[in-house]
Amino acid sequence: MSKASQQIDVREKFYQDIDGYNMAPLWEVYRTLITPSPRTPAVPHCWHYDDVRDWVLRAGDVISAREAERRVLVLENPGLRGQTRITNSLYAGLQLILPGEVAPSHRHSQSALRFIIEGAGAYTAVDGERAYMARGDLILTPPMTWHDHGSHGKGPTVWLDGLDIPIIQTFDASFLEGFPEESQPSTRLPGDSHARYGRNMRPFGAAPKNASSPVFSYPYADYREALEKMRVQEDWDSCHGLKMTFINPQTGGPVMPTIAAFVQLLPKAFSTSPYRSTDGTIYTVVDGEGRARVGDKDFQLTPSDIFVVPSWCSLQLEAKEDLVLFSFSDRSAQEKLCLWREQRGDDGDTL
Ligand code: 1HN
């Protein structure tokens, strides 16, 4: 037997011996743990809304919102099947509420956002205030805020949910409580939080409280108008077009402690330079048509399509028509942990 194979035998025996003591050799896994750049099992993927819409609506035939608590079809990354996640750190799903239904009130440690895809007349109530939903609106339910959903509408309402479930799992820090009643009482008028915090003022004497925004509804009409006003200036970023971060007006920082949300406009025929960053990002098409090249995959984009760009995977976008994209990621958490990095393809780097 060669010296090398003898040594392997000795090692295998050693590993078996220490295994009984719940110990393992670092050197066998070291290079997979600490990599020179991010490696993720998540892969680029696109859920074309035309393909999945019917399944979401058919979920309404198999279970009620009340029984399901939340009637959601989870968008599972093909590289992470069975793990209830779209990236390693974030969960996403498509939730359905039908007329007259209620998704009962609860609160939990997880941060959640909703991006409304279709429907009218549904609402989310957050800590006593209702926000009515329209296509393209962003609604937040920050950690430990009571929230329930309901609909007075005529047809189905569907939205994209984004939560930091895997992050909370990593920290083993999950708490969930049910509200004593199915729907929480309305203790504030709709628009109350916007009146207090959403007009470049804040209540006199009120100090910033925490890392979550006190404004929890960001209507499509507002941000679209802002984008249209700004586009006249034509100061396009070569990697992002015209991109805005939704902020917590108390801090100027991202909307929630772990999740950041963005919207961007690319004018017709605009093509971005490749770009990558450490925050795996979920995008959905608000308006327009185009194409996304994500790593070595190509996605044709039409309204309400959802695609995922894993960490450190390059993204290049093309707008066939004026293209408006909403996106969210864990950038908020990564920046707090001093982890976030980016690389721009227009700096001469090849991505
Ligand atoms: C949740 O609370 C909602 O409030 C949606 O709509 C999806 C997935 C896992 C855990 C809690 C919601 C969720 C969730």
Side-chain angles (χ1 to χ4, degrees), residues 1-47 72-93 108-112 143 161-176 257-260 274-282 293-299 307-315 328-343 345 349-351:
M1 200 187 278
S2 74
K3 210 161 172 213
S5 61
Q6 265 177 10
Q7 199 176 37
I8 288 170
D9 284 350
V10 169
R11 283 183 189 167
E12 282 304 328
K13 170 80 173 54
F14 176 75
Y15 298 164
Q16 283 165 18
D17 289 344
I18 64 171
D19 184 63
Y21 294 86
N22 294 304
M23 294 192 289
L26 172 63
W27 57 87
E28 289 289 337
V29 292
Y30 183 73
R31 297 273 168 208
T32 62
L33 292 177
I34 318 262
T35 56
S37 58
R39 299 256 164 89
T40 175
V43 296
H45 190 72
C46 181
W47 290 263
V72 182
L73 298 188
V74 180
L75 302 175
E76 284 198 332
N77 190 290
L80 300 164
R81 290 308 311 271
Q83 297 186 53
T84 324
R85 60 189 67 182
I86 190 161
T87 66
N88 240 331
S89 63
L90 293 173
Y91 158 104
H108 42 65
S109 319
Q110 289 79 5
S111 297
D161 278 322
L163 285 89
D164 58 359
I165 293 170
I167 298 178
I168 306 308
Q169 261 175 344
T170 292
F171 289 114
D172 283 338
S174 176
F175 292 91
L176 167 69
T258 52
I259 305 179
Y275 174 86
R276 65 181 173 182
S277 58
T278 51
D279 54 326
T281 303
I282 297 90
R293 187 159 180 85
V294 188
D296 57 7
K297 292 255 176 67
D298 245 319
F299 304 127
F307 63 99
V308 55
V309 182
S311 168
W312 214 237
C313 187
S314 83
L315 169 66
F328 67 96
S329 78
D330 64 8
R331 179 168 170 173
S332 185
Q334 288 202 26
E335 287 189 333
K336 290 183 185 69
L337 300 172
C338 306
L339 296 172
W340 187 80
R341 280 210 211 183
E342 66 177 340
Q343 194 178 20
D349 290 333
T350 40
L351 305 189

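Values below: every heavy atom of this structure, side chains too, minus hydrogens, waters and symmetry copies. Residues take their numbers from the sequence shown, with the count starting at 1.
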Short N-O contact, D17 and K13, less than 4.0 angstrom: yes
Derivation and outcome, side-chain contact (heavy atoms from CB on, under 4.5 Å), residues F299 and R293: CA-CA 6 Å; F299 304 127; R293 187 159 180 85; over 6 Å; no
Heavy-atom closest contact (S332 atom, K336 atom, distance): OG-NZ, 3.1 Å
Sub-4.5 Å side-chain heavy-atom contact between L90 and I259: yes
Distance-only donor-acceptor check, side chains E28 and Y15, under 3.5 Å: yes
Derivation and outcome, side-chain contact (heavy atoms from CB on, under 4.5 Å), residues L75 and Y91: CA-CA 8 Å; L75 302 175; Y91 158 104; over 6 Å; no
Derivation of the side-chain contact (heavy atoms from CB on, under 4.5 Å) call for S277 and W340: CA-CA 7 Å; S277 58; W340 187 80; 3.9 Å; yes
Matching residue for F307 among I282, I86, T281, L315 - test: side-chain contact (heavy atoms from CB on, under 4.5 Å): L315
Partners passing salt bridge (charged side-chain N to carboxylate O under 4.0 Å, His left out) against E335 (at least two apart in sequence or in another chain): R331
Check: T278/E342 side-chain N/O donor and acceptor closer than 3.5 Å: no
Set of residues satisfying ring pair (Phe, Tyr, Trp, His ring centres under 6.0 Å) with respect to H108, sequence neighbours excluded: H106, H147
Shortest non-hydrogen contact between W312 and R341, atoms and distance: CZ3-O, 3.5 Å
Donor-acceptor contact below 3.5 Å, side chain S109 vs main chain A173: yes
V294 to C313 - nearest heavy-atom pair and separation: CG1-SG, 3.9 Å
T87 side chain reached by P166 side chain, heavy atoms, under 4.5 Å: no
Nearest non-hydrogen partners of S111 and P257, listed with the distance: OG-CD, 4.0 Å
Distance in Å, Q7 CD paired with S2 OG, rounded so as to fall on 0.5 Å steps: 9.5 Å
Check: G82 main-chain N/O paired with E76 side-chain donor or acceptor under 3.5 Å: yes
Donor + acceptor pair across side chains of R85, Q169 (<3.5 Å): yes
Student check: side-chain heavy atoms of P25 and I18 closer than 4.5 Å: yes
Distance-only side-chain donor-acceptor flag, D330 / T258, under 3.5 Å: no
Point-to-point distance, once rounded to the nearest 0.5 Å, from CD1 of I168 to CG of L176: 12.5 Å
Greater than 12 external heavy atoms within 6.0 Å of F175's CZ: no
CA sep, side-chain torsions, deciding dist, call: T84, I165, side-chain contact (heavy atoms from CB on, under 4.5 Å): CA-CA 9 Å; T84 324; I165 293 170; 5.9 Å; no
Listed pairs under 3.5 Å, donor-acceptor, residues 33-45 side chains, sequence neighbours left out:
from : atom 1 : to  : atom 2 : distance (Å)
T35  : OG1    : S37 : O      : 2.7
T40  : OG1    : A42 : N      : 3.0

Spacing of D164 atom CG and F328 atom CZ [to the nearest 0.5 Å]: 10.5 Å
